[in-house]
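As the structure lists them, so they are numbered: ligands from 1, and atoms in each ligand from 1.
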Amino acid sequence: MINNTSLLTINLSAIASNLKLVKSLAAESKVMAVLKANAYGHGLVKTAKHIEHAIGGIAVARLQEAMELRENGITCPLLLLGTLLDNDTLNYCAHNDIAVVAHTNENVELILQASLASPVSVWLKLDTGMHRLGVAEESAVALYQSLKKCEWVSDIITMTHLSDAESEDTAPTARQLDDFDTIFSNISAPQSIANSAGILYHPTSHRDWVRPGIMLFGANPRQTSSKADTITDKLKPTMTLSAKIIAIRDVKQGESVGYNGTWIAPRPSKIATLGIGYADGYPRHANNGTPVLVNGQRVPIAGRVSMDLITVDITECKGVAIGDEAILWGEGLLANEVAIHCDTIAYELFTSVTNRVTRQYI
Ligand SMILES: Cc1ncc(COP(=O)(O)O)c(C=O)c1O
């Protein structure tokens with residue numbers, strides 16, 4: 001018998017709808033859907049199966065993620081984003097139609113020396129300013145030329161990653177695009193630059209392949225908490241985290257709630273305790289006042305988030321009873337808004353929900 005107090009509802013058709021938005025914005029580009037980290041917490045295989053027919057490929061961050069997709073019958077092209085590339089990984093990728101990102105000189109050298117029996121597709125990543133992964137601008141063209149001559153490299157896509165595309169300040173992105181175009185000006189290879197923020201805010205970054213992640217999952221990479229924002233309004237929430245009220249109590253004015261008494265009742269108050277906590281992936285950093293939806297009404301967190309429980313102030317709410325459901329983020333409450341209160345981003349909220357929470361797909 002499952003009697004869980006917390007539930008994660010994943011809306012697969014909302015993911016498909018967000019994918020349509022990607023395609024309408026970047027109509028000339030192929031879509032490499034970024035489904036790393038268990039499809040941003042939405043379930044890798046289920047998400048992949050739902051959108052596989054409508055995309056050009058799927059990008060993941062770890063070999064295990066690519067293997068999981070292949071073992072579960074996903075046949076579309078896969079891309080292994082920057083990882084520690086070794087001979088075994090490279091051979092597995094070549095045999096299983098998984099493109100690899102070459103992001104260091106060592107990666108390129110490994111590919112050139114590999115004598116692969118099956119061809120491999122290589123995405124050559126240029127560092128245009130993120131200084132995390134990517135080959136240096138001075139060596140990029142020479143590395144491209146050597147890959148081009150390699151008989152087991154089937155095709156090469158040139159790529160880079162944008163560090164600031166969601167920022168209101170467009171100058172860093174303009175500079176990255178300019179550097180990319182300058183370095184590869186004499187190379188005619190397919191290109192890939194745009195993440196979600198590039199797709200939404202920088203049309204000139206779209207190129208041959210776009211790589212959307214977070215926007216497929218309904219969050220605006222520009223962290224806005226307002227539904228009135230036109231882009232946020234077009235994105236459909238794909239993940240709703242909810243929990244049941246397991247207790248309701250009255251507290252007197254001046255009484256504190258939760259560990260270390262960080263919330264003190266300013267007036268006689270009604271407190272609802274929810275069956276979810278940081279061990280379920282709800283951030284412990286959520287401050288007093290972080291919104292929660294109880295029966296459709298916004299109420300503030302009152303007291304520190306603990307391992308299994310959260311307390312909210314329902315003094316202003318009518319008709320709330322034990323067993324009622326509260327929404328922590330998702331339908332009716334933007335993950336971005338919650339993230340701002342927790343000093344984090346929607347990406348981290350989505351990928352942090354733990355296995356203790358029951359999953360349901362609609
Ligand atoms: C190389 C690369 N491309 C694309 C993405 C997708 O980014 P976003 O989720 O912001 O769309 C990521 C994610 O971090 C990435 O690492």
Side-chain angles (χ1 to χ4, degrees), residues 15 18-23 25-26 29-42 44 47-48 51 55-63 65-66 77-85 98-104 107 121-135 157-167 172-173 176-177 180 190-203 205-224 231-232 234-239 335-336 339 344-352:
I15 299 175
N18 295 329
L19 174 60
K20 277 198 187 128
L21 179 63
V22 171
K23 290 176 149 189
L25 293 169
S29 310
K30 287 190 266 187
V31 177
M32 180 61 69
V34 180
L35 302 189
K36 59 189 176 143
N38 198 26
Y40 289 49
H42 290 69
L44 176 58
T47 304
I51 60 172
I55 52 180
I58 295 172
V60 291
R62 302 279 185 265
L63 184 65
E65 297 173 320
L78 300 183
L79 170 64
L80 183 58
L81 294 170
T83 189
L84 179 64
L85 208 53
I98 301 166
V100 295
V101 170
H103 57 84
T104 60
N107 289 163
S121 169
V122 177
W123 290 49
L124 179 63
K125 184 170 193 168
L126 177 69
D127 181 5
T128 52
M130 187 106 158
H131 301 321
R132 189 181 66 164
L133 296 178
V135 300
I157 288 91
T158 53
M159 73 177 287
T160 193
H161 193 44
L162 299 173
S163 58
D164 290 79
E166 73 287 358
S167 163
T173 302
Q176 283 191 273
L177 292 174
F180 184 89
Q191 302 180 338
S192 177
I193 300 177
N195 52 4
S196 297
I199 294 165
L200 291 165
Y201 301 112
H202 302 277
S205 72
H206 290 175
R207 313 296 166 99
D208 301 280
W209 285 91
V210 290
R211 305 191 309 269
I214 196 73
M215 70 177 289
L216 294 175
F217 305 108
N220 188 340
R222 184 172 284 173
Q223 196 167 27
T224 161
I231 285 169
T232 303
K234 286 187 188 135
L235 293 166
K236 292 213 163 45
T238 57
M239 171 193 283
N336 268 335
T344 187
I345 50 179
Y347 299 69
E348 192 180 15
L349 297 184
F350 292 165
T351 55
S352 297

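- Ring geometry, Phe350 versus His42: the interplanar angle exceeds 60°, so the pair is classed perpendicular (tilted spans 30 to 60°).
- Atom CH2 in Trp123 sits 15.5 Å away from atom CG in Asn107 (nearest 0.5 Å).
- A distance-only check finds no donor-acceptor pair linking the side chain of Asn220 to the backbone of Ile231 [under 3.5 Å].
- Side-chain N or O atoms of Ser192 include none that pairs as donor or acceptor with a backbone N or O of Met159 at under 3.5 Å.
- The side-chain contact (heavy atoms from CB on, under 4.5 Å) test applied to Ser352 returns Glu348, not counting sequence neighbours.
- Interatomic distance, CE of Met215 versus CG of Leu19, reported as 9.0 Å (0.5 Å rounding).
- Listed as neighbours of ligand 1 are Val34, Lys36, Tyr40, Leu81, Lys125, His161, Asn195, Ser196, Arg211, Pro212, Gly213, Ile214, Tyr347, each bearing a heavy atom under 4.0 Å from the ligand.
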